[in-house]
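First up is the structure itself, then whatever we jot down about it.
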Amino acid sequence: MENVKVQDKDYLGEVITINMGPQHPSTHGVLRLVVDLDGETIVDVRPDIGFLHRGVEKLAENRTYHQFIPLTDRLDYLAPLSNNLAYCLAVEKFFDVKIPERAEYLRVIFAELARIASHLVWIATHALDIGAMTVFLYAFREREMILDMFEIATGQRMTSSWIRIGGIREDVPPEFFDRLKEFIDIFEDRCNTYERLLTKNRIWLKRTVGVGYISGEDAMNYGASGPIMRGSGIKFDLRKAEPYSIYDRFDFDIPCFEEGDIYARYKVRMQEMRESRKILEQALEQIPEGPVMTDDPRVGMPSHEDVYEKMESLIRRFYLISKGFRTPKGETYACVEAPKGEVGFYIVSDGKEKPYRLKIRAASFVNLGALPIMAKGHMIADLVGIIGSVDIVLGEIDR
Amino acid sequence: MTFNEIVQYFNEKYPGKVSGKVEFKCNFLQVDKSFFKDVLKELKEKFSFKYIVDIVATHWPDRDMKFDVVYNLYSIENNIRVFVKVMIPDEKIETVTDIWKGANFMEREQYDLVGVIFEGHPDLRRILLPDFFEGHPLRKDFPLKERKWFNKVDEQNLGIRFTK
């Protein structure tokens with residue numbers, strides 16, 4: 001909490017500096033934390049990142065808009081479809097394309113499935129860090145169901161690159177909806193199982209309540225978005241604030257808790273999974289039949305059936321694949337509420353087939369910047385829990 | 001609170017020096033380098049832009065104004081997003097870490113990759129690349145392939161050979 005003070009000097013009478021990481025089981029990737037300790041109390045934390053840097057932004061400047069889609073998967077590899085969606089929305093903003101209804105619904109379904117999958121990995125590994133093994137096994141069992149659905153629809157389990165500029169790659173097979181229905185039916189009950197294991201668990205409460213405090217003002221000041229902001233009492237969700245895609249058609253709540261500690265962030269994420277399930281339920285009811293790719297000739301990829309029958313479609317497809325399309329000059333930004341917070345793509349175009357500059361606003365990167373203020377004054381043993389509660393994916397941080 | 005009101009307010013305060021435009025559904029507020037910090041401070045205090053989203057720097061080698069720095073701000077109370085764009089002739093610009101603490105990481109990243117120097121930043125080090133990396137990779141004159149990762153001293157220290 002705020003009133004936790006750095007204790008008086010221990011008998012050594014000095015601050016010692018130790019390294020946590022570069023490889024630590026509680027981080028998805030390589031993260032080194034330089035921790036200044038006074039006894040067991042954390043005086044300061046300095047994250048050292050960049051071990052996974054792949055230069056994605058530089059690569060984007062040398063690829064056409066279509067060719068960049070697979071690279072967006074590799075950012076947050078636990079929720080690749082959210083990144084696909086953010087990137088495609090940003091490019092679509094240049095053209096003001098009308099996306100077919102069915103594609104919009106499928107985008108929402110997959111973005112929400114990606115959110116649940118990401119949160120499941122989070123609850124699994126975070127509980128494992130703190131010492132609860134059973135949740136780990138349960139959560140991965142449900143995540144497996146979602147990955148199976150991804151596999152049916154996209155052919156890939158992790159890096160699906162399925163959302164395209166102007167729609168989605170291909171319609172899902174009918175079998176997909178049976179699986180989705182099955183998942184929706186059981187998931188509420190499974191959420192109850194996790195909560196039964198953790199919410200009133202005394203060890204869990206002792207390790208999380210009052211630990212890793214950040215106030216709402218600080219969260220905004222540090223730019224920390226997503227569950228960190230909502231766990232600190234600020235009711236901000238881009239799905240409601242700046243509705244993208246068709247989120248304004250669904251009825252769901254934004255979970256928000258005042259405490260600002262690890263426990264509040266845990267409750268926010270648990271609640272979010274239930275809200276996502278609600279959105280899935282509504283989307284499954286409302287989804288219409290129809291095409292899944294826009295017929296706008298500027299960006300829409302002609303379907304394979306058209307390519308086999310019409311010469312113009314063949315030429316168009318060949319041109320889009322080999323040359324790409326040109327965007328108007330200017331700058332634009334589009335963002336989505338990804339599982340970890342606000343993920344946005346800022347694209348500067350100079351009217352060519354390739355982006356002039358592409359800046360990824362990665363949620364985990366900025367959230368990690370707020371780690372020192374959460375960790376200061378706590379014990380070194382709590383640091384693992386605090387890192388876990390930020391829900392970082394180093395692929396997204398290092399890009 | 002709409003974007004037009006913000007533009008109008010700053011136009012009255014700095015006549016003819018602040019321009020606003022809406023481009024592809026994004027609100028851009030272009031301000032001059034000489035008073036951009038006052039504008040940002042006022043945006044935070046008067047218009048409650050408390051949430052800093054991002055800082056983007058772009059290199060334009062063929063222009064007189066060599067760099068663009070764009071501050072991506074959000075006001076949760078008024079539910080409006082504004083991009084404050086500053087053009088600078090050389091790579092030096094004042095830091096905004098005293099207004100938003102989150103700018104610390106963002107400015108370090110832009111310094112590392114684009115090479116904009118944020119004056120007054122408390123801890124301006126490289127963040128994503130190793131300290132001995134030469135050059136700034138997101139500048140337009142930095143090639144994609146013919147790169148030089150380590151200098152001679154590092155090669156000797158680390159016992160590796162990466163340079164040509």
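Proteins get letters first, then strands, A, B, ... in listed order; numbering begins at 1 in each.
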B:K25 NZ/CZ over A:Y333 ring centroid, <6.0 Å and within 45° of normal: no

To the nearest 0.5 Å, tell me how far [X] [atom1] sits from [Y] [atom2].
X	Y	atom1	atom2	value
B:T58	A:E331	OG1	CD	6.0 Å
A:N221	B:Y51	CG	OH	12.5 Å
A:T332	B:E23	OG1	CD	8.0 Å
B:E109	A:F365	CD	CZ	4.0 Å
B:R81	A:E342	CZ	CD	4.5 Å
B:F105	A:I49	CZ	CD1	5.0 Å

Which answer fits [X], side chain, backbone, both or neither, if we ask what part of it has an atom under 4.5 Å from a heavy atom of chain B?
X	value
A:D398	both
A:I373	neither
A:A241	both
A:L238	side chain

Taking side chain as everything from C-beta outward and backbone as N, CA, C, O, which of these in [X] sits under 4.5 Å from a heavy atom of chain A? Side chain, backbone, both or neither.
X	result
B:D68	side chain
B:L113	side chain
B:I127	both
B:D112	neither
B:N79	side chain

Non-hydrogen atoms of A:R361 and B:V53 that approach each other most closely: NE-O, 2.8 Å

Contact summary for B:A57 and A:R357, nearest pair of heavy atoms: O-NE, 2.7 Å

Over 12 non-hydrogen atoms of neighbours within 6.0 angstrom of NZ in B:K17: no

Greater than 12 external heavy atoms within 6.0 Å of B:D64's CG: no

Check: B:W60 ring centroid to A:Y356 ring centroid under 6.0 Å: yes

Close side-chain approach of B:F83 to A:Y346, heavy-atom, < 4.5 Å: yes

Student check: side-chain heavy atoms of A:E57 and B:P137 closer than 4.5 Å: no

Mutual orientation of the aromatic rings belonging to A:F94 and B:F24 [parallel < 30°, tilted 30-60°, perpendicular > 60°]: perpendicular

Intermediate values then yes/no, side-chain contact (heavy atoms from CB on, under 4.5 Å), A:M220 and B:Y74: CA-CA 9 Å; A:M220 284 196 285; B:Y74 199 97; over 6 Å; no

